[in-house]
Amino acid sequence: MSTAARTERAGSRYEAVIGLEVHCQLRTATKIFCGCRNRFGDPPNTHVCPVCLGLPGALPVLNREAVALALRAALATNCTVQPVSVFARKNYFYPDLPKGYQISQYDRPLATEGHVEFASGSGLRRVRLHRIHMEEDAGKLLHEGFPWSGEKSGVDFNRSGVPLIEIVSYPDLRSAEEAHDYLSALKSILLYAGVSDGNMEEGSLRCDANVSIRPRGREALGTRAEIKNLNSFRNVARAIDHEIARQAALLDAGGTVVQETRLWNADRGETASMRSKEEAHDYRYFPEPDLPPLAVSAARIAEVRAALPELPAARRLRFVSAYGLPEYDAGVLTLSRDVAEYFETVARESGNPKAASNWVMTEVLRKLKESTEDGEGLRARCPVGPQSLAEMIRLIDSGTISGKIAKDVFDRMWVSGESPRAIVEREELRQLSDEGAIQAAVDEVIAAHPEQVATYRKGKTSALGWFVGQVMRKTSGKANPQLVNDLLKKALAG
Ligand code: ADP
Ligand code: MG
Ligand code: ZN
């Protein structure tokens, strides 16, 4: 049985409970505690210094810009910013962690108790956030791509000390799909707020998923597994589905779920146990003696709040009230800033927001989906500019082309990048609205099919569609359908 089928079956008896821990790299120019550049993709160990290499005696200095971005993220997700938060040392050994500890925040995080609203299924859902704290990223082990790979591994410390926030949700999610949709919404907020570039492949957004199940109707939470190594939204969803099915099978067989950390293997499409879940005391947390507590004044919070741009949720509401769009449509159109701006240009230039929304939601997004997962970077990848789409909608609204022909025109625009007007003129796609010409086609069709006309007149009015089809065929699909309908009805009423 497929994972999807097994998950579906498990879903009738068990309810899944999911909480996500999302790590987000902040888009600063430099690292969190030193002046090294924060940049992905450069040759290994080209952005390092005594601080981010953890050399003895080197002292951290907190990057003001990192705090500013973390505050933006906190306010954009409706969190309460704590007037004072405290950095702590989280001690563990790993070769990518030169100091032997990670500077993080523990019992006094930067921000607490927020929430994110997102569209999922056909409704609006809300996930509560437990906390957002700041920390530094670790370096990266390189196991492949070097002459000595296979014998030994290298360490790249360019990422060591890159500023991160960790966004911890309450276990409010109930399915892989919801987890996916929450992540999309969260990413969207972080991009709108300019906190992150949201690039999952480059590791700027990373997610651990905590998954448990419980018999339907039961209040108490089940034992959870924490799944790591989720490097795309799709893999988050796949891993959760797999994990739900695995836990259900275990319980059904009379077993128990053990609390542990599991690793997702995308190639095999399954999770495997990595280690038993570590407890907080394993890390011997203590306050970082080299950094003072971080104090954030009310004035600073107000300043950051005032500088936030319009966020997806607010824009969604505005789209509903300003353009009369259904909430769901507004949610889809505001998920990415690029899509939202594209839509608004089309709506404004065409003067027809409803049509703009229909075209963007169906044709534009469908065509883009064929190339990537979301609408980000739409401006760069969309061969049909918003002005062209608006022009096409105007051609429909003015009766120059029919809605059906418009689909063809749009497909051609997508391929050639030409203006709709140019395509319509060259291909002679103008809608036929000349009453005389259509009347002639109607008369011909009626004269050619006396039997059908007789049946129609005896009461089989459902045959009208068939007559419309005949007239459309005669006019190569170009006749104005409304006119065809009207003239046919009149003629058939005879
Ligand atoms: P830890 O400190 O061990 O990581 P937390 O209490 O901080 O544990 O929780 C981490 C994540 O696990 C949070 O996102 C939380 O919502 C989620 N979580 C906690 N309990 C459960 C559970 N029973 N099932 C699913 N997720 C859970
Ligand atoms: Mg945790
Ligand atoms: Zn450095």
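First listed ligand is number 1; within each ligand, the first listed atom is number 1.
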Find all atoms of ligand 1 within a distance of less than 4.0 Å from any non-hydrogen atom belonging to V17, and give their numbers and elements.
24 (N), 25 (C)

Taking non-hydrogen atoms only, is L20 closer than 4.0 angstrom to ligand 1 via side chain, backbone, both or neither?
backbone

Can you give me the SG-the Zn ion (ligand 3)-SG angle for C36 and C49, to 10°?
100°

Would you check if V127 and L173 make a side-chain contact, meaning some heavy-atom pair closer than 4.5 Å?
yes

Under 4.0 Å to a heavy atom of Y170 - the qualifying atoms of ligand 1, by number
16 (O)

Pick whichever of R224, R128, E226, Q259 has a heavy atom sitting closest to atom 9 (O) of ligand 1.
R224

Side chain or backbone of V168 under 4.0 Å from ligand 1, or both, or neither, by non-hydrogen atoms?
side chain

Think K187 forms a cation-pi with F233, using NZ or CZ under 6.0 Å from the six-ring centre and within 45 degrees of its axis?
yes

I need the minimum non-hydrogen distance between N235 and L230, along with the two atoms involved.
O-CD2, 3.8 Å

In ligand 1, the atoms that come under 4.0 Å of a heavy atom of P171 are 16 (O), 26 (N), 27 (C)

Which ligand 1 atoms, with their elements, are less than 4.0 angstrom from a heavy-atom of L221?
23 (N)

Heavy atoms only: which of S169, A16, S212 lies closest to atom 15 (C) of ligand 1?
S169

So that I can tick it off, tell me whether K99 and D290 are bridged by a salt bridge, with the cut-off set at under 4.0 angstrom between side-chain N and carboxylate O.
no

Test of proximity, G222 against ligand 1: N or O pairs below 3.5 Å
yes

Under a plain distance cut-off of 3.5 Å, with no hydrogens placed, do T271 and R262 share a side-chain donor-acceptor pair?
yes

Ignoring angles and geometry beyond distance, decide whether N210 reaches within less than 3.5 Å of ligand 1 through its nitrogen or oxygen atoms.
yes

If you compare all heavy atoms of P43 against all heavy atoms of N158, which two are closest, and at what distance to 0.1 Å?
O-ND2, 2.9 Å

Would you say R224 and N210 are linked by a side-chain donor-acceptor pair, where the criterion is simply a distance under 3.5 Å?
yes

Donor-acceptor side-chain pairing of Y170 and E113 below 3.5 angstrom:
yes

Please state whether the separation between the Zn ion (ligand 3) and some N/O/S atom of H47 is under 2.8 Å?
no

